Amino acid sequence: MIDTPLSALRTYQALARCRSFTATARDQGLVQSAVSRHVAALEAQLGQTLVIRGHRQIQLSRFQHWMGGVRVRSGERSL
């Protein structure tokens with residue numbers, strides 16, 4: 001079982017919805033580096049790339065939908 005902080009999952013869910021680290025930080029009341037740290041922690045814990053980072057844009061990886069049994073889809077607000 002993966003012990004992931006709920007805050008990191010919520011941040012990732014917001015990132016999937018907002019599609020931007022900056023917009024996610026604004027949405028969640030965080031700084032951009034905190035959003036990046038949450039996502040990096042999830043990626044390290046799962047051993048999977050969740051976000052493909054580009055110049056001023058992101059794409060969610062194919063692994064985006066399943067994270068430790070939690071379904072996360074763009075546009076949904078509940079875990």
Side-chain angles (χ1 to χ4, degrees):
M1 181 171 167
I2 297 173
D3 184 24
T4 303
L6 188 55
S7 60
L9 291 172
R10 285 187 180 139
T11 299
Y12 178 74
Q13 184 181 30
L15 182 62
R17 185 179 66 254
C18 295
R19 303 291 178 140
S20 157
F21 282 90
T22 302
T24 301
R26 218 178 356 248
D27 181 69
Q28 298 295 297
L30 301 170
V31 294
Q32 187 176 351
S33 61
V35 173
S36 183
R37 282 193 306 271
H38 281 185
V39 173
L42 285 174
E43 289 177 327
Q45 202 166 35
L46 297 171
Q48 295 286 330
T49 299
L50 299 175
V51 177
I52 301 165
R53 294 149 176 91
H55 181 67
R56 294 186 179 247
Q57 65 180 359
I58 66 155
Q59 283 186 314
L60 301 178
S61 73
R62 290 181 169 211
F63 190 73
Q64 71 178 340
H65 295 295
W66 290 99
M67 297 190 322
V70 176
R71 182 94 180 177
V72 178
R73 285 189 278 175
S74 179
E76 291 185 359
R77 295 187 69 73
S78 62
L79 288 173

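The basis for the numbers below is simple: all heavy atoms, side chains too, and nothing from hydrogens, waters or symmetry mates. What you are looking at is a predicted structure, and each value in this text was computed from that prediction instead of being measured. Numbering starts at 1 and runs along the sequence shown.
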Item to check | Partner set under side chain to side chain contact (heavy atoms under 4.5 Å, CB included) for Ala34, not counting sequence neighbours | outcome: Leu30, Val31, Arg37
Checklist entry - Just how far is it from atom CD of Gln59 to atom CG of Leu50, taken to the nearest 0.5 Å? => result 14.0 Å
Item to check | Results of salt bridge (Lys or Arg N to Asp or Glu O under 4.0 Å) for Arg26 - residues two or more places apart only | outcome: none
Checklist entry - CD of Gln28 to SG of Cys18: how many Å apart, nearest 0.5 Å? => result 7.5 Å
Checklist entry - By side-chain hydrogen bond (donor to acceptor under 3.5 Å, both in side chains), which residues pair with Thr11, not counting sequence neighbours? => result His38
Next on the checklist: Rounded at 0.5 Å granularity, tell me how far CG in Leu9 sits from CG in Leu42.
Outcome noted: 5.5 Å
Checklist entry - How many angstroms lie between atom OG1 of Thr24 and atom CZ of Arg17, to the nearest 0.5 angstrom? => result 7.5 Å
Item to check | Test side-chain hydrogen bond (donor to acceptor under 3.5 Å, both in side chains) applied to Gln48 - qualifying residues, sequence neighbours left out | outcome: none
Checklist entry - Does the side chain of Ile58 come within less than 4.5 Å of Leu15's, by heavy atoms? => result yes
Next on the checklist: Run Val51 and Tyr12 through side chain to side chain contact (heavy atoms under 4.5 Å, CB included) and show every step you take.
Outcome noted: CA-CA 9 Å; Val51 177; Tyr12 178 74; 4.0 Å; yes
Next on the checklist: Checking Glu43 now: which residues fulfil side-chain hydrogen bond (donor to acceptor under 3.5 Å, both in side chains) with it, not counting sequence neighbours?
Outcome noted: Arg53
Item to check | side-chain hydrogen bond (donor to acceptor under 3.5 Å, both in side chains) involving Thr22 - partner list, sequence neighbours excluded | outcome: Gln32
